[in-house]
Participant: 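The structure that follows is given in the form of structure tokens.
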Amino acid sequence: MPRVFTREQVERYHREGVLFPVPALSRREVERFCAGYFDLEARLGGKPSAQQLSQTHLYFRWAYDLATHPAVLDAVEAILGPNILVWTVSIFPKHARDPGYISWHQDGTYWGLSSTQVTTAWVALTDSTVENGCMRVVKGSHARPILPHVDTWAPHNLLSRGQEVQAEVREEDATDVVLRAGQMSLHHVNIIHGSNPNRTDGRRVGFAVRFITPDVSQAGERPPAVLARGRDDFHHFELLPKPPDGPIDDAIAAQAAAARRLLEALTKTPAAG
Ligand SMILES: O=C(O)CCC(=O)C(=O)O
């Protein structure tokens with residue numbers, strides 16, 4: 001197993017439900033992945049929603065290469081073990097002075113997955129700061145049971161239905177996950193997390209890769225996944241290959257359809273996202 005973390009760091013992840021900052025990308029790699037993302041964003045009209053931006057790794061080579069980057073996978077392997085699937089990918093952009101925020105929530109509430117062998121690598125494509133609305137977490141909250149959530153439909157909430165956990169989160173219990181471009185965090189599927197609006201003139205972009213172990217299943221028909229490392233002896237997912245570097249218009253149409261399918265699948269679970 002690649003040793004990217006000390007035993008203490010792995011234990012901290014399991015105790016706190018989050019680990020950061022983890023180095024992942026070089027400056028050149030950040031430039032390459034940002035170029036891929038900003039091109040896609042422009043082609044989608046300049047301000048696509050997070051829901052429009054899911055599953056990019058299945059159709060764009062740059063997004064596949066980022067989701068399966070060796071440094072990302074080495075870190076995930078230290079948490080989940082040698083057999084790893086990319087379940088889904090989401091991108092969370094916040095534009096300059098963007099009022100968009102993410103309410104406190106637990107992902108495990110609405111993903112419809114059969115176990116908590118799930119971790120998210122949130123890779124910063126720009127600096128992610130307190131001022132521009134970095135992710136925030138409540139350390140240790142993943143150890144509590146899944147709490148009730150409501151759909152608020154709040155207009156600037158970046159989650160599809162504005163899902164919000166029904167628990168008061170005190171400011172002093174929140175930790176800011178501050179990252180430089182190219183660094184990432186890992187967070188547990190049940191940790192309470194959210195983020196504030198962007199109060200700066202620059203943008204904030206996070207590329208979130210959701211990883212599972214192959215024994216995990218998802219309610220519904222065999223959804224797509226990517227075998228990132230090791231083997232899959234369970235066959236709960238349809239394993240898709242690395243996407244070709246083909247015509248971008250075809251890739252955009254196929255990705256839009258996949259994003260719609262994922263949203264529909266998640267909408268079938270309570271308090272969906
Ligand atoms: O990008 C953010 O601010 C929050 C992201 C998030 O909710 C997630 O990755 O699960």
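Both ligands and their constituent atoms are indexed starting at 1 by order of listing.
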Participant: Tell me if the CD atom of E221 is crowded by more than 12 foreign heavy atoms within 6.0 Å.
Facilitator: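 Count not over threshold, so no.
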
Participant: Would you kindly specify which portion of Q106 sits under 4.0 Å from ligand 1, judged on non-hydrogen atoms: side chain, backbone, both or neither?
Facilitator: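 It is neither part, as no heavy atom is under 4.0 Å.
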
Participant: With L227, which of D232, V86, I84, T68 fulfils side chain to side chain contact (heavy atoms under 4.5 Å, CB included)?
Facilitator: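 Testing L227 for a side chain to side chain contact (heavy atoms under 4.5 Å, CB included) against D232, V86, I84, T68 leaves exactly one candidate, D232.
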
Participant: Out of curiosity, is R136 lining ligand 1, as in a heavy atom under 4.0 Å away?
Facilitator: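 No, R136 has no heavy atom closer than 4.0 Å to ligand 1.
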
Participant: Under 4.0 Å from a heavy atom of H193: which atoms of ligand 1 are those, numbered in the order shown and with their elements?
Facilitator: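 This gives 6 (C), 7 (O), 8 (C), 10 (O) as the contact atoms.
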
Participant: How close do A67 and H57 get, counting heavy atoms only, and between which atoms?
Facilitator: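 Minimum heavy-atom contact is CB-CB, 4.0 Å.
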
Participant: Which residue owns the protein heavy atom closest to atom 9 (O) of ligand 1, what's the atom, and how far is it?
Facilitator: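 Looking at atom 9 (O) of ligand 1, the protein heavy atom closest to it is R210 NH1, 3.0 Å.
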
Participant: To check you understand the geometry: which heavy-atom pair defines the closest contact between H142 and E16, and what is its length?
Facilitator: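 Closest approach of H142 to E16: CE1-C, 3.3 Å.
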
Participant: Give me the residue, atom name and distance of the protein heavy atom closest to atom 4 (C) of ligand 1.
Facilitator: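 Result: I102 CD1, 3.4 Å.
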
Participant: Just heavy atoms, cut-off under 4.0 Å: does R204 contact ligand 1 by side chain, backbone, both, or neither?
Facilitator: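 For R204, only side-chain atoms sit under 4.0 Å from ligand 1.
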
Participant: Taking atom CZ of R222 as the centre, does the number of heavy atoms from other residues, nucleotides or ligands within less than 6.0 Å exceed 12?
Facilitator: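 Yes.
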
Participant: Under 3.5 Å, N or O to N or O, is W111 touching ligand 1 that way?
Facilitator: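 In fact, backbone or side chain, W111 has no N or O that close.
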
Participant: Any Lys/Arg nitrogen of E8 or R12 sitting under 4.0 Å from an Asp/Glu carboxylate oxygen of the other?
Facilitator: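 Between R12 and E8 there is a salt bridge, with a charged N closer than 4.0 Å to a carboxylate O.
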
Participant: Please name the pair of heavy atoms, one in P214 and one in L85, separated by the smallest distance, quoted to 0.1 Å.
Facilitator: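 Residues P214 and L85, closest heavy atoms: CA-CD1, 4.0 Å.
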
Participant: Which atoms from ligand 1 have a heavy atom of H187 less than 4.0 Å away?
Facilitator: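 Those atoms are 8 (C), 9 (O), 10 (O).
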
Participant: Looking at D107, which atoms of ligand 1 are within less than 4.0 Å of one of its heavy atoms?
Facilitator: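 Checking each atom against D107, I get 10 (O).
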
Participant: Which bit of L159 is near ligand 1, meaning a heavy atom under 4.0 Å away: side chain, backbone, both or neither?
Facilitator: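 L159 to ligand 1: no contact under 4.0 Å from either part.
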
Participant: Under 4.0 Å from a heavy atom of H105: give me the atoms of ligand 1 that qualify, with their elements.
Facilitator: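 Atoms satisfying the 4.0 Å criterion: 7 (O).
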
Participant: Carefully, step by step, assess R180 and D127 under the rule salt bridge (charged side-chain N to carboxylate O under 4.0 Å, His left out).
Facilitator: CA-CA 4 Å; R180 286 202 310 275; D127 289 350; 5.8 Å; no

Participant: Atom 3 (O) of ligand 1: which protein heavy atom is closest, and how many Å away?
Facilitator: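 Protein heavy atom with the smallest distance to atom 3 (O) of ligand 1: S195 OG, 2.6 Å.
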
